Amino acid sequence: MDEMEEELKCPVCGSFYREPIILPCSHNICLACARNILVQTPDAESPQSSRASGSGVSDYDYLDLDKMSLYSEADSGYGSYGGFVSAPTTPCQKSPNGVRVFPPTVPQPQQQHLLPHPGSLTPIPRNSCITCPQCHRSLILDDRGLRGFPKNRVLEGVVDRYQQSKAAALKCQLCEKSPKEATVMCEQCDVFYCDPCRLRCHPPRGPLAKHRLVPPAQGRISRRASPRKISTCTEHELENLSMYCVQCKMPVCYQCLEEGKHGTHEVKALGAMWKLHKGQLSQALNGLSDRATEAKEFLVQLKNMVQHIQENGVEFEACLVAQCDALIDALNRRKAQLLSQVNKEHEHKLKVVRDQISHCTVKLRQTTGLMEYCLEVIKENDPSGFLQISDALIRRVHMTESQWGKGTLTPRMTSDFDLTLDSGPLLQTIHQLDFVQMKVPAAPMLQLEECCTQNNSATLSWKQPPLSTITVEGYILELDDGNGGPFREVYVGTETICTVDGLHFNSTYKSRVKAFNASGVGQYSKTLIMQTSEIAWFTFDPASAHPDIIFSNDNLTVTCNSYDDRVVLGNTAFSRGVHYWEMTVDRYDNHPDPAFGIARSDVLKDVMLGKDDKAWAMYVDNNRSWFMHNNSHTNRTDGGITKGATIGVLLDFTRRILIFLVNDEQQGPVAFEGLEGAYYPAISLNRNVQVTLHTGLPIPDFYTPGEADPTGSVC
């Protein structure tokens with residue numbers, strides 16, 4: 001009930017409707033609000049002169065009457081146009097509902113033509129215009145003014161009942177003392193019950209079980225449904241509305257039919273149309289109710305998604321923080337390792353320099369001592385004594401000097417650290433650090449409306465879930481063997497639709513699909529069960545036939561342009577089940593011997609069928625027939641063919657045998673046994689023969705698969 005409240009409020013004043021009227025655009029407005037937003041239009045006879053003179057009847061620009069399209073007679077003659085433009089000096093107002101509203105004009109006295117409005121002391125100017133506050137469609141009033149708009153008594157009644165239902169709480173009608181607040185109302189009993197009285201006086205069993213209990217507010221509205229009022233015509237106020245104009249889609253009175261514009265229109269009884277439209281509205285409400293139920297379920301789903309997003313966001317944020325912390329820890333560990341390496345280099349440099357300082361200090365002390373000693377020796381005045389030691393001193397001085405030779409006074413270690421931290425790649429990696437796709441794809445959804453089987457082919461279509469944003473690099477389609485066996489891959493690729501040919505007839509296949517990306521393979525879709533055709537439909541295959549074969553009748557009829565035998569195959573292979581097809585002889589000249597049977601795909605095409613080991617055939621002339629395989633002729637049987645004859649081929653994989661028929665009679669014994677693998681229907685013929693293929697045929701009545709006598713003939 002609370003949701004309905006917005007439907008009951010005027011778009012201009014924002015309050016509940018009071019005396020609502022219906023505009024031609026089907027929107028409603030209060031009668032008083034309609035008076036307030038009336039705008040006077042210029043005189044239709046001189047719109048240009050009025051605009052040119054600069055004198056207006058209001059602060060609003062005039063409507064462009066040249067662009068105005070008038071309604072037909074069925075629309076009561078009201079005019080409309082696409083929009084309304086107000087002068088920039090007078091902005092429009094807004095109602096409490098946020099709808100644009102145009103204030104009333106203040107026309108000059110000398111330009112007014114006033115019409116009295118019944119029920120109102122305020123006269124309405126002639127040529128007034130009203131703009132719908134919801135769709136902004138402008139309408140020009142006729143001489144009746146606002147009386148030309150019908151009153152919406154239904155809306156007025158609903159507003160009245162709604163306000164009454166909100167006025168006071170409903171009480172139980174069966175409580176003897178201090179009535180309790182009612183909780184339900186029975187539509188059949190027309191009684192309000194509290195919970196104790198309902199359990200005591202209205203138990204849900206027996207005949208009462210079929211009664212409909214509704215909330216008290218809804219029950220009160222239904223009880224206070226206003227009695228039907230007699231409606232009067234807006235054109236003829238003394239006449240009651242009694243009929244419904246189908247063309248104009250509005251109620252009309254008897255006088256409208258006799259004298260008015262509805263005289264030539266189709267009309268129907270008002271009561272019948274009332275019931276019809278009520279039924280249509282109820283039916284439309286059923287569909288809308290289903291959409292509303294779906295919307296409620298969708299809102300629940302969205303609210304659950306909010307919770308899941310919040311939970312996943314917290315979890316993902318914690319995971320991100322943990323990953324970044326792990327990177328920081330790894331960087332700190334590497335930092336410690338690099339610092340240790342720097343410390344080792346630092347200690348090594350210090351040790352080398354200190355050793356060199358110690359060595360040079362000792363060496364310098366020795367050199368200085370030698371120099372001082374030599375200087376003292378030079379001071380001596382004893383030539384003989386000097387000469388005794390001078391050679392040795394000279395050698396020592398030269399030796400000491402040579403010890404201070406090249407490299408001795410060069411530092412063994414530089415003070416610079418020849419280490420440069422290569423942080424560029426790491427900084428670039430950090431800057432490029434971003435989220436990558438690390439999840440496997442979700443399970444695809446099979447599109448059942450596009451999946452189908454035709455003959456022995458199956459077409460499957462799928463798509464990713466609509467809300468999935470995970471990258472998909474391809475799909476894997478799997479089918480079983482049609483006999484409950486294991487699944488096997490039949491397609492790997494990026495397409496989302498695939499047709500699988502060459503399946504077994506009359507078999508049930510299970511199919512499923514999964515998606516994959518660089519992170520791995522996702523889950524399987526739901527398994528789809530598909531049934532291939534029970535009976536085979538096929539034609540001759542031009543692609544694999546000998547070039548001398550001539551096709552017609554949609555590849556069902558063949559002949560040849562050569563006197564030599566040429567082979568043509570069917571376009572479908574068989575490997576399981578029981579299959580039967582026939583060929584009728586359309587032309588048979590000069591007693592040729594065509595051959596009918598089955599063959600592998602690589603059979604020779606330029607010799608009679610059965611000449612090689614790839615074909616199993618029966619060749620027949622006008623008197624007799626033979627079975628032939630690998631150029632071996634067996635089982636000569638009397639009875640030949642003529643024009644109009646029918647040759648049947650029955651291939652039974654359950655017993656792995658091949659049987660031939662001529663004119664619905666078995667021709668000889670079982671022709672071949674032990675057949676395994678895939679075989680194509682085949683025929684060889686020359687230019688003297690023309691045959692037509694017939695497929696999709698049931699198994700002959702005389703044949704029961706799986707039953708045969710010891711002699712090999714069919715029982």
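Bear in mind that the values here come from a model prediction, so they are computed numbers and not experimental data.
A distance-only check finds a donor-acceptor pair linking the side chain of Glu473 to the backbone of Ala518 [under 3.5 Å]. With hydrogens and angles disregarded, no donor-acceptor distance shorter than 3.5 Å links the side chain of Asn455 to the backbone of Ser457. The backbone N or O of Leu503 sits less than 3.5 Å from a side-chain atom of Asn456, completing a donor-acceptor pair. Here the side chain of Thr400 pairs a donor or acceptor atom with the backbone of Arg396 at under 3.5 angstrom. Using modelled atom types, one side-chain atom of Asp612 and one backbone atom of Leu604 make a donor-acceptor pair closer than 3.5 Å. Side-chain atoms of Ser289 never come within 3.5 Å of backbone atoms of Asn286 as a donor-acceptor pair (strictly under, hydrogens ignored). A donor-acceptor pair is defined here as one N or O able to donate and one able to accept, closer than 3.5 Å; no such pair exists between the side chain of Thr368 and the backbone of Gln366. At least one donor-acceptor pair under 3.5 Å links the side chain of Asn571 to the backbone N or O of Thr539.
One finds a salt bridge joining Lys351 and Asp355 here, because a Lys/Arg side-chain nitrogen approaches an Asp/Glu carboxylate oxygen to under 4.0 Å. The existence of a salt bridge linking Lys379 and Glu376 is confirmed by a sub-4.0 Å separation between a basic side-chain nitrogen and an acidic carboxylate oxygen.
In this structure, Val567 and His546 have side chains that are not in contact, with every pair of non-hydrogen atoms separated by 4.5 Å or more. Residues Leu370 and Val397 have side chains in contact (heavy-atom distance under 4.5 Å, counting atoms from C-beta outward). The closest side-chain heavy-atom distance from Asn312 to Glu315 is below 4.5 Å. The side-chain heavy atoms of Phe386 and Asp382, taken from C-beta on, include no pair separated by under 4.5 Å. A heavy-atom distance below 4.5 Å is found between the side chains of Leu331 and Leu426. Taking the side chain as every heavy atom from C-beta outward, Tyr475 and Glu495 never approach each other to under 4.5 Å. The shortest side-chain heavy-atom distance between Asn483 and Arg576 falls under the 4.5 Å cut-off. Put simply, the side chain of Glu450 does not reach to within 4.5 Å of the side chain of Lys463, judged on heavy atoms.
Annotation: the span from His579 atom NE2 to Asp652 atom CG amounts to 9.0 Å, rounded to 0.5 Å. Rounded to the nearest 0.5 Å, atoms CD1 (Ile598) and CG (Leu675) are 5.0 Å apart. Summarising the geometry, atom CG belonging to Asp481 is positioned 6.5 Å from atom CZ belonging to Arg488; distances are rounded to the nearest 0.5 Å. Residue Ile470 holds its CD1 atom at 8.0 Å from CD of Gln464, rounded to the nearest 0.5 Å. Note that CG of Leu460 is 4.5 Å distant from OG of Ser511, once rounded to the nearest 0.5 Å. Here Glu347 contributes atom CD and Lys349 contributes atom NZ; the two are 12.5 Å apart, rounded to the nearest 0.5 Å.
A donor and an acceptor atom, one from each side chain of Arg600 and Tyr679, are located under 3.5 Å apart. Judged by distance alone, the side chains of His504 and Thr532 never bring a donor and an acceptor atom under 3.5 Å apart. Checking Ser525 against Trp462 by side-chain atom types alone, no donor-acceptor pair falls below 3.5 Å. Judged by distance alone, the side chains of Thr499 and Asp501 never bring a donor and an acceptor atom under 3.5 Å apart.
Looking at every heavy atom in both residues, Ala615 comes nearest to Gly610 through CB-N, 3.5 Å. Residues Ser684 and Val607 come closest through the heavy atom pair CB-O, 4.4 Å. Shortest non-hydrogen contact noted between Cys10 and Cys33 is SG-SG, 3.8 Å. The nearest pair of heavy atoms linking Leu446 to Lys526 is CD1-O, 3.2 Å. Scanning both residues, Ile389 and Tyr373, for their nearest heavy atoms gives CD1-OH, 4.1 Å. Across every non-hydrogen atom of Cys132 and Cys25, the tightest pair is SG-SG, 3.5 Å.
In this view, His629 and Trp616 satisfy the ring-ring contact (aromatic ring centres under 6.0 Å, His included) rule, not counting sequence neighbours.
Atom CD of Gln454 is surrounded by 12 or fewer heavy atoms from other residues, nucleotides or ligands within 6.0 Å. Heavy-atom neighbours of Glu317 CD from other residues, nucleotides or ligands within 6.0 Å: at or below the threshold of 12. Within 6.0 Å of CD in Glu534 there are 12 or fewer heavy atoms belonging to other residues, nucleotides or ligands. Residue Asp554 places its CG atom among 12 or fewer non-hydrogen atoms of other residues, nucleotides or ligands, all under 6.0 Å distant. In the displayed structure, Arg412 atom CZ is contacted under 6.0 Å by more than 12 heavy atoms of other residues, nucleotides or ligands.
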(request) With side-chain contact (heavy atoms from CB on, under 4.5 Å) as the test, would you mind laying out the steps for Trp537 and Thr572 before giving the verdict? (result) CA-CA 8 Å; Trp537 298 84; Thr572 299; over 6 Å; no
(request) Evaluate the side-chain contact (heavy atoms from CB on, under 4.5 Å) criterion for residues Tyr491 and Val513: first the C-alpha distance (whole Å), next the side-chain angles of each, then the deciding distance (0.1 Å), finally the verdict. (result) CA-CA 9 Å; Tyr491 171 75; Val513 64; over 6 Å; no
(request) Could you go through the salt bridge (charged side-chain N to carboxylate O under 4.0 Å, His left out) check for Asp480 and Lys510 one step at a time? (result) CA-CA 6 Å; Asp480 67 353; Lys510 295 180 180 178; 5.6 Å; no
(request) Kindly determine whether Leu350 and Met413 satisfy side-chain contact (heavy atoms from CB on, under 4.5 Å), including the steps that lead there. (result) CA-CA 9 Å; Leu350 289 178; Met413 185 66 64; over 6 Å; no
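In this structure, Phe653 has its ring center at least 6.0 angstrom away from the ring center of Phe574.
Exactly one residue among Gln310, Lys303, Glu311 makes a side-chain hydrogen bond (donor to acceptor under 3.5 Å, both in side chains) with Gln307. That residue is Glu311.
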